[in-house]
Amino acid sequence: MVAKILLLGATGRIGSKLVQNFEKDHEGIDVRLATSRPEVAEKWRAEGQDGVVLDLNDPSTFPAALAGVDRLFLLTGYTADMLFQSKKMVDAAVEAGVSHIVHLGVFTSRRDDQPHFAWHDMIETYIEASGIAWTHLHPNVITDSSLVTDPPISETGSFSAYPNNVPVGWVCAADIAAVAAVVLREGPEKHGGANYFLSVEVLKGTEVADILSAHLDREVKYMPLDADALRKAIAAIPDASSRAYMESAVITMELAAAGKLAYQAVARDDVQKVLGRPGTTMAEWAKQNLS
């Protein structure tokens, strides 16, 4: 039996790598790609792919996108609207007869002080109450989000990370996508009811800088993020929901500066559990991604 998978975020940092995984191995699955942009969906269809328009802010687009879907990869944007969007998506998935939801969340302790961590907890609780089989992915700090920059680190010689040189767990986007691909391909029979925590190694900002410096054969400096400067900058964001999410991100930086993020300084490599290989280290990521 071929399982139809609906993939949200197909053009994003993780979603695009998930698409690549499925292109390499699509046995037993049929992938449908979702985008909010009609021109992108049309391009996919012209290329012979199953592309649909799905706007998370417009639930009327959900039923057609979910028609015939067995498994759903659910992620949301950086906005407080994620609560409404996810609830409506789960409701639509129930109506459509979806059998498995794979949700991309955060590295939660379930007792976190950042609002967006609590929002993810609430979304996952709602998914679990829906009656649909579920699997939750919990990545720690995503390497690519911090270290893939424009211009690149090889030119700037610096990168920004959590303040106060606090140690945190890291995981790369390729490993997250690889885990998601296996879970979606193998389905709820093997992965239903599982929480996979993805935190390959714990490093301080200066330790990351040393690794990148060694690889690039030049000095790379760690630049601690300034929570006060970030808070001033986000005050100019006009959209209230996006601003609320970014304010929550600033709270993360404030907690780090105060030494209150110890629960993120944990290595928990469920990449190994799902893929049967260790997760990608920072040194390996640098070799693969930095010229």
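For the single chain, residues carry numbers from 1 onward in sequence order.
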For this session: Report the relative orientation of the aromatic rings in Y222 and F159; use parallel for angles under 30°, tilted for 30 to 60°, perpendicular for over 60°.
Result: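 Judged by the thresholds at 30° and 60°, the geometry between Y222 and F159 is tilted.
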Exercise. Parallel, tilted or perpendicular for Y245 and W119, by the 30°/60° rule?
Worked result: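 Judged by the thresholds at 30° and 60°, the geometry between Y245 and W119 is tilted.
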Main-chain N/O of [Y] paired with [X] side-chain donor or acceptor, under 3.5 Å:
{"X": "D217", "Y": "S213", "value": "no"}
{"X": "T61", "Y": "D55", "value": "yes"}
{"X": "S248", "Y": "H116", "value": "yes"}
{"X": "E155", "Y": "P152", "value": "no"}
{"X": "D112", "Y": "S109", "value": "yes"}
{"X": "T143", "Y": "W170", "value": "no"}

For this session: Show the numbers, then the answer: is there a side chain to side chain contact (heavy atoms under 4.5 Å, CB included) between L147 and L212?
Result: CA-CA 10 Å; L147 304 183; L212 302 185; 4.2 Å; yes
Exercise. Should V274 and F107 be counted in the same cluster of Ile, Leu, Val, Met, Phe, Trp and Tyr side chains packed under 4.5 Å apart?
Worked result: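 Different hydrophobic clusters.
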Exercise. Any chain of hydrophobic side-chain contacts (each under 4.5 Å) joining L275 to L18?
Worked result: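 Looking at the clustering, L18 is in the same group as L275.
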For this session: Give the intermediate values and the outcome of side chain to side chain contact (heavy atoms under 4.5 Å, CB included) for residues L137 and V102.
Result: CA-CA 7 Å; L137 309 183; V102 179; 4.0 Å; yes
Exercise. Applying side chain to side chain donor-acceptor pair (under 3.5 Å), which residue pairs with at least one partner in residues 270-286 are found, sequence neighbours left out?
Worked result: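 Every side chain to side chain donor-acceptor pair (under 3.5 Å) pair that includes a residue of residues 270-286, provided the two are not neighbours, is D144-W285, D175-R277, D175-T280, T281-E284.
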side-chain contact (heavy atoms from CB on, under 4.5 Å) partners for [X], two or more places apart:
{"X": "K190", "answer": "E186"}
{"X": "A10", "answer": "L7, V19, L33, W44"}
{"X": "N195", "answer": "R110, W134, H136, H138, F197"}
{"X": "E39", "answer": "R37"}

Please set out all donor-acceptor pairs under 3.5 angstrom arising from side-chain atoms of residues 65-76, sequence neighbours excluded.
residue, atom, partner, partner atom, Å
D70, OD2, K4, N, 2.7
R71, NH1, L184, O, 2.7
R71, NH1, R185, O, 2.9

Exercise. More than 12 heavy atoms of other residues, nucleotides or ligands under 6.0 Å from OH of Y126: is that the case?
Worked result: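 Count over threshold, so yes.
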